[in-house]
Every structure is written in structure tokens, then in C-alpha cells.
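By convention in this document, chain letters (A, B, ...) are assigned in the order of the sequence lines, proteins followed by strands, and residues within each chain are numbered from 1. Atoms considered below: every heavy atom in the structure, side chains included; atoms not considered: hydrogens, waters and symmetry mates.
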2 protein chains.
Amino acid sequence: MKLSVRGEYALRALQVLARHSGDAVVPMQTIATEQNIPRRFLEQILHGLKAAGVVESRRGITGGYRLARPASEIPLATIIRHVDGALAPLSCVSHQFYEKCSCPDEARCALRSVMKEVRDTVAAMMERMTLADLVARAEALQAQPMEPVDFVI
Amino acid sequence: MKLSVRGEYALRALQVLARHSGDAVVPMQTIATEQNIPRRFLEQILHGLKAAGVVESRRGITGGYRLARPASEIPLATIIRHVDGALAPLSCVSHQFYEKCSCPDEARCALRSVMKEVRDTVAAMMERMTLADLVARAEALQAQPMEPVDFVI
DNA sequence: CAAATCTTGATGAATCAAGTCAGGAATCTA
DNA sequence: TAGATTCCTGACTTGATTCATCAAGATTTG
């Protein structure tokens with residue numbers, strides 16, 4: 001798994017929506033400003049996530065986006081797969097994005113066997129972790145004191 | 001971590017060299033033929049691995065490549081990093097290929113914290129696994145019976 | 001010297017990543 | 001109803017990267 005800038009933006013944007021779970025919708029401009037994401041680009045990303053059924057939108061002056069399901073029911077795996085594709089390091093070990101590779105016998109390819117373990121490990125982690133967990137972790141990190149950059153009196 | 005075709009070729013080629021550890025050198029053409037890798041492309045890849053100190057070469061009619069160290073001392077992590085770069089899903093959590101990301105406070109970025117765990121897990125796996133392990137696994141898989149594709153009498 | 005090999009550097013086509021743009025459609029408020 | 005604000009749609013641009021291919025040179029052995 002390699003996260004593109006697009007994927008990073010998607011996760012950061014959804015984290016904002018997860019944090020505002022109570023609100024009706026959050027306008028895109030708010031997300032763009034808060035997370036410093038180019039607005040036009042974010043437009044494209046959110047539209048993709050809507051097509052994927054991850055978010056819902058509302059038009060007009062009171063418009064914006066919100067999560068289509070509770071944050072605790074949206075695993076990071078789902079988002080990453082929609083935006084950046086396979087979690088697997090090789091597409092021949094991907095479940096959802098499987099592609100045949102060039103080795104003669106997949107069933108007995110040592111490299112494939114190793115990469116399958118990597119895939120399974122990463123997929124399990126990303127499947128377990130949800131947007132709600134991400135928000136919770138952000139709050140926990142916020143609670144920590146600022147790094148003592150300059151602590152001399 | 002996402003493995004490019006280049007990275008896959010590199011690992012497969014080195015697996016051949018590891019298997020022929022006794023031999024003086026293995027000519028590139030042998031590797032290219034056995035693993036079905038375009039020769040010109042393999043040339044480029046092996047040259048890179050030589051610059052990285054992973055393989056040694058010998059010119060002339062008896063020329064070829066061999067591992068610069070015992071296969072058991074070459075972790076997959078080393079190879080992948082040289083050919084495909086960072087193991088981390090985000091460069092802001094990479095040790096060797098660190099790049100600052102756009103979030104305001106890295107130390108308290110939830111996404112970074114999660115991806116750091118992924119990186120640590122993947123890096124540990126790839127650091128532990130060596131070329132020798134890869135060869136051993138290939139042999140173990142070879143020992144398995146052929147898949148019963150057609151078992152009807 | 002001839003043949004096989006690695007060495008070096010250039011080149012090329014296709015694809016992708018990141019971002020931009022224009023014009024349209026929906027929705028609310030005055 | 002007008003106007004402001006928002007999302008919707010699809011095309012486009014720019015630069016880098018990926019996956020190679022090629023030519024000419026250097027080295028080594030028979």
C-alpha cells in the first residue's frame with residue numbers, strides 16, 4: 001500500500017466529516033480551508049467518495065457533505081481501496097484488485113507467498129481501524145502537551 | 001509499500017543469484033531467460049543493484065553477477081528500498097525517505113500515527129526476511145504436490 | 001583476434017499524479 | 001423571482017514516472 005496525496009487528502013477530509021458527525025452537512029470550502037487542500041482537487045475527491053457511497057451530499061446554499069454511515073462503520077481499508085486501489089504490495093496477491101503476474105506458477109511462487117503475508121497483515125490493520133478510531137486517536141494526541149521545543153527559562 | 005515491476009524483477013533476479021550462491025557468477029542472460037525478464041531492462045536493474053552494493057559483477061566472456069554478501073545477510077527491505085524506495089505508506093513516516101507532509105503538526109497527526117504503525121509492521125517483516133529465507137520458502141513450495149488441476153481417471 | 005559479457009548514457013512511448021478550468025444545476029434567502 | 005452559494009460534470013494541462021529499448025564502448029577468455 002502506498003498512499004498518494006489524493007488518498008491522504010481523502011482521509012483527512014473524511015476525518016473532518018467524522019468529527020462533525022452531528023451536523024447536517026459540512027461545506028467543502030470549510031474542509032478545504034481547515035485541511036489546506038486545493039478546493040478544485042477536493043471537489044474531485046469528494047465526488048469520487050460519493051460515487052463510492054462513502055459520503056452523501058446536499059446542494060445549494062446550505063449544501064455540503066456528510067458521511068453516509070456512522071464513522072465507526074467506515075474502515076480505512078474501504079476508503080483507501082476506493083481512492084488509491086489495492087492494499088497489497090503486488091496485484092497478484094490482492095483480493096479486490098487481483099491481476100495475474102508473470103511468474104510461471106503462482107501457487108508456488110515464493111515472492112508471492114511472502115507478499116501475501118504482508119497484504120494480509122496490512123489489510124487486517126486497515127480493516128480494523130475506522131474513521132471513528134481515527135478521530136479518537138486525534139483527540140488523544142491533542143490532549144498531549146505540546147512538544148517542549150523551547151523549555152529554557 | 002508498493003512493488004513496481006522493476007522491484008519484482010529485482011527480487012526474482014536476486015533469488016536466482018541466491019540459489020546459485022556456490023557458482024562464481026551467473027550471466028545476466030541466464031537470469032533473464034529463466035525468469036522471463038526483458039534483458040535490457042534487467043541490465044539496468046542489476047546495474048543499480050551493483051551501485052547499491054548488493055551484487056558484484058565480472059566482465060568478459062566468463063562474466064556475470066553474484067551476490068556481494070551471503071544471501072542470509074541481505075534482507076528484502078534493503079533491496080526494496082534501493083529499487084522502489086520507501087516501505088512506508090506515507091513519506092512522512094518513512095525513516096530513510098522522510099519528507100515533511102502538509103499537516104500542521106506532525107507530532108499530533110492521527111493519520112500519521114496510524115501509518116507509522118503500518119510502516120513499523122511492514123518494515124519489521126521485510127527486515128527479518130532475507131534472500132536466503134526466500135530461497136528456502138521456494139524450495140518448500142516446490143516440495144508440495146502439483147495442484148490437482150485434472151485428477152480424473 | 002573473436003566472441004561473449006558487462007558498462008554507460010540516451011531515448012521513447014505510455015501512463016499516472018496532481019491540479020486547474022469552465023459552465024451548469026440545485027437550493028435557500030431576501 | 002433574483003441572486004448568492006453550493007455541488008455536479010467532464011475535459012484539460014503539466015510534469016514526472018514507469019517500463020522499457022538501443023547503440024557504442026570496455027573487459028575478459030579461448
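If B:Asp84 and B:Ile61 are placed on DNA chain D by their nearest nucleotide, the residue sitting closer to the 5' end is B:Asp84. Heavy-atom distances to DNA chain D give each of A:Gln29 and B:Arg6 a nearest nucleotide, and the one nearer the 5′ end belongs to A:Gln29. With DNA chain C read from its 5' end, the first of the two nearest nucleotides for A:Phe41 and B:Thr62 is the one closest to B:Thr62.
When heavy atoms are screened at a 4.0 angstrom cut-off, B:Gly63 is found touching the sugar-phosphate backbone but no base atom. Here A:Glu43 lies in heavy-atom contact (under 4.0 Å) with a base.
For DNA chain C, the outermost nucleotides in 5' to 3' order that have an atom under 4.0 Å from a heavy atom of chain A are C:dA18 to C:dC28. When DNA chain D is scanned in the 5' to 3' direction for atoms under 4.0 Å from non-hydrogen atoms of chain B, the outermost contacting nucleotides are D:dC19 to D:dT29.
Residues satisfying the side-chain contact (heavy atoms from CB on, under 4.5 Å) test with B:Ala18, not counting sequence neighbours, are B:Leu67, B:Ala71, B:Leu131, B:Val135. Shown here are the side-chain contact (heavy atoms from CB on, under 4.5 Å) partners of B:Ser72, two or more places apart in sequence or in another chain: B:Pro70, B:Ala132. Annotation: side-chain contact (heavy atoms from CB on, under 4.5 Å) contacts of A:Lys116 (sequence neighbours excluded): A:Val93, A:His95, A:Asp120.
From A:Ile80, atom CD1 reaches atom CE of A:Met129 across 10.0 Å, with rounding to the nearest 0.5 Å.
B:Ala110 and A:Leu134 make their closest contact through CB-O, 3.5 Å (heavy atoms, listed as atom of the first residue, atom of the second, distance).
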Apply side-chain hydrogen bond (donor to acceptor under 3.5 Å, both in side chains) to A:Thr33 and A:Gln29, showing your working.
CA-CA 6 Å; A:Thr33 305; A:Gln29 185 61 61; 3.1 Å; yes

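Screening residues 5-26 of chain B for salt bridge (Lys or Arg N to Asp or Glu O under 4.0 Å), with sequence neighbours left out, gives B:Glu8-B:Arg12, B:Arg19-B:Glu34.
Distance alone, capped at 3.5 Å, is enough to place a donor-acceptor pair between the A:Arg112 side chain and the A:Cys92 backbone.
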